[in-house]
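One structure is given below, encoded as structure tokens.
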Amino acid sequence: MKQYLIFTYIRILIIFFSAHLQCGSKILDALNPAPRFAPLPRSSFAEFTANDDIELLVEGYSSTVESFSNGYIENVSILSYKMFIPDKEDFARQVIQIITDNSLKGMLFSYDVDGYPNELNITVYLNESSCRNGNSVFRISYTQDQQFNFMYNIKDNPEKFTLEILEE
């Protein structure tokens with residue numbers, strides 16, 4: 001009998017506290033209403049063309065510089081945020097242009113100090129997770145012929161450079 005009374009008393013306390021908590025949360029919700037945001041416009045992937053909005057879809061992840069007496073090599077890792085990249089050469093040319101224009105999202109290059117790089121190596125990852133795991137999709141190499149001995153930079157003399165896409 002004693003156990004029954006204790007059990008009933010515990011059940012009443014549980015019901016009382018749960019009702020109190022529910023009522024209390026409603027009061028707190030009334031005092032601190034959740035912010036209401038404007039709905040995001042829906043856009044399809046068809047609206048993104050390859051040339052227009054690549055800056056929104058590509059982000060810089062890391063960059064290192066190999067410097068030497070007559071120039072430097074820029075090594076850049078980027079996140080493409082795409083499921084796949086059908087035209088890798090076109091993608092590579094657009095990324096090189098974005099880096100040359102210093103408009104890569106999440107990264108600024110200091111071209112005012114040493115000028116533009118004499119060689120560019122870009123590693124492309126699909127997303128941040130694949131980057132952390134070291135699973136790159138491909139690499140882009142933008143180099144000049146060794147006979148020029150790093151005489152030209154990527155902005156002023158693009159005709160002296162060759163684009164090479166290295167599959168991973």
Side-chain angles (χ1 to χ4, degrees), residues 25 28-29 32-168:
S25 67
L28 287 175
D29 289 345
N32 298 320
R36 304 207 182 254
F37 298 104
L40 294 173
R42 295 194 176 259
S43 58
S44 66
F45 284 111
E47 292 177 23
F48 291 109
T49 61
N51 295 327
D52 294 341
D53 293 318
I54 192 170
E55 293 174 76
L56 299 175
L57 302 174
V58 175
E59 182 178 0
Y61 189 78
S62 68
S63 173
T64 59
V65 173
E66 295 177 39
S67 189
F68 41 90
S69 62
N70 56 342
Y72 73 99
I73 299 171
E74 187 84 43
N75 299 305
V76 182
S77 295
I78 64 168
L79 308 176
S80 68
Y81 295 113
K82 293 183 175 211
M83 295 295 285
F84 64 96
I85 301 167
D87 188 356
K88 293 178 180 163
E89 185 175 342
D90 184 48
F91 179 84
R93 293 196 184 283
Q94 291 175 29
V95 169
I96 290 168
Q97 187 61 48
I98 288 171
I99 290 173
T100 304
D101 295 342
N102 206 1
S103 59
L104 184 62
K105 182 179 176 185
M107 190 175 291
L108 286 175
F109 301 100
S110 55
Y111 297 142
D112 56 338
V113 177
D114 292 324
Y116 289 90
N118 305 93
E119 186 175 306
L120 192 58
N121 297 310
I122 305 165
T123 307
V124 180
Y125 298 93
L126 292 180
N127 52 42
E128 191 171 346
S129 175
S130 65
C131 184
R132 276 187 260 125
N133 294 329
N135 299 327
S136 62
V137 181
F138 62 94
R139 288 182 301 143
I140 302 166
S141 178
Y142 195 56
T143 59
Q144 56 187 292
D145 194 348
Q146 288 184 355
Q147 73 182 7
F148 298 131
N149 198 23
F150 295 103
M151 185 181 345
Y152 302 107
N153 66 47
I154 62 170
K155 180 172 174 77
D156 298 331
N157 308 96
E159 69 279 355
K160 303 287 185 184
F161 286 80
T162 56
L163 174 66
E164 187 178 0
I165 296 174
L166 308 166
E167 297 289 333
E168 295 290 311

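From a predicted model like this one, the values you see are computed outputs, not experimental measurements.
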Near Q146 CD, under 6.0 Å, is it more than 12 heavy atoms from other residues, nucleotides or ligands? no
Report the distance from atom CZ of R139 to atom CD1 of I165, rounding to the nearest 0.5 Å. 12.0 Å
CD of E74 to CG of N153: how many Å apart, nearest 0.5 Å? 12.5 Å
Give me the atom names and distance for the closest heavy-atom approach of V58 to L104. CG1-CD1, 3.8 Å
Check the pair I122 / I99 against side chain to side chain contact (heavy atoms under 4.5 Å, CB included), numbers first and verdict last. CA-CA 10 Å; I122 305 165; I99 290 173; 3.7 Å; yes
For E59 versus Y81, what's the shortest heavy-atom pair and its separation? OE1-OH, 3.0 Å
Let me confirm one number: the OH-CG distance from Y72 to N118, rounded to the nearest 0.5 Å. 7.5 Å
If you look at every heavy atom in K88 and E167, which pair is closest and at what distance? NZ-OE1, 3.0 Å
For E66 and E119: C-alpha separation, side-chain torsions, deciding distance, then whether side chain to side chain contact (heavy atoms under 4.5 Å, CB included) applies. CA-CA 10 Å; E66 295 177 39; E119 186 175 306; over 6 Å; no
Any side-chain hydrogen bond (donor to acceptor under 3.5 Å, both in side chains) involving residues 122-131? Give me the pairs, sequence neighbours left out, ordered by first then second residue. N127-S130
Test of understanding: with side chain to side chain donor-acceptor pair (under 3.5 Å), list the residues that count as partners of D87, not counting sequence neighbours. none
Mind listing the closest non-hydrogen atom pair of V124 and S80 along with its distance? CG1-CB, 4.2 Å
Taking the six-membered ring for Trp, are Y142 and F161 parallel (under 30°), tilted (30 to 60°) or perpendicular (over 60°)? parallel
Sort out for me which residue in L120, D101, V76 forms a side-chain contact (heavy atoms from CB on, under 4.5 Å) with I96. L120
Give, for atom CG of N102 and atom OG of S110, the distance between the pair rounded to the nearest 0.5 Å. 8.5 Å
What's the shortest heavy-atom distance between E89 and L163, and which atoms? CG-CD2, 3.8 Å
Taking all heavy atoms of M151 and all of Q144, pick out the closest pair and write down the distance. N-OE1, 3.5 Å
To the nearest 0.5 angstrom, please state how far the CD1 atom of I78 sits from the OG atom of S63. 12.0 Å
Heavy-atom neighbours of F84 CZ exceed 12 at 6.0 Å: no
Looking at CD1 of I154 and OG1 of T143, how far apart are the two atoms once the value is rounded to the nearest 0.5 Å? 12.0 Å
Does any part of the side chain of F148, heavy atoms only, come nearer than 4.5 Å to the side chain of N157, both counted from C-beta? no
With a 3.5 Å distance limit and no angle check, can you tell me whether N70 reaches the backbone of N149 through a side-chain donor-acceptor pair? yes
Among residues at least two apart in sequence or on other chains, which ones pass ring pair (Phe, Tyr, Trp, His ring centres under 6.0 Å) with Y111? F109, Y116
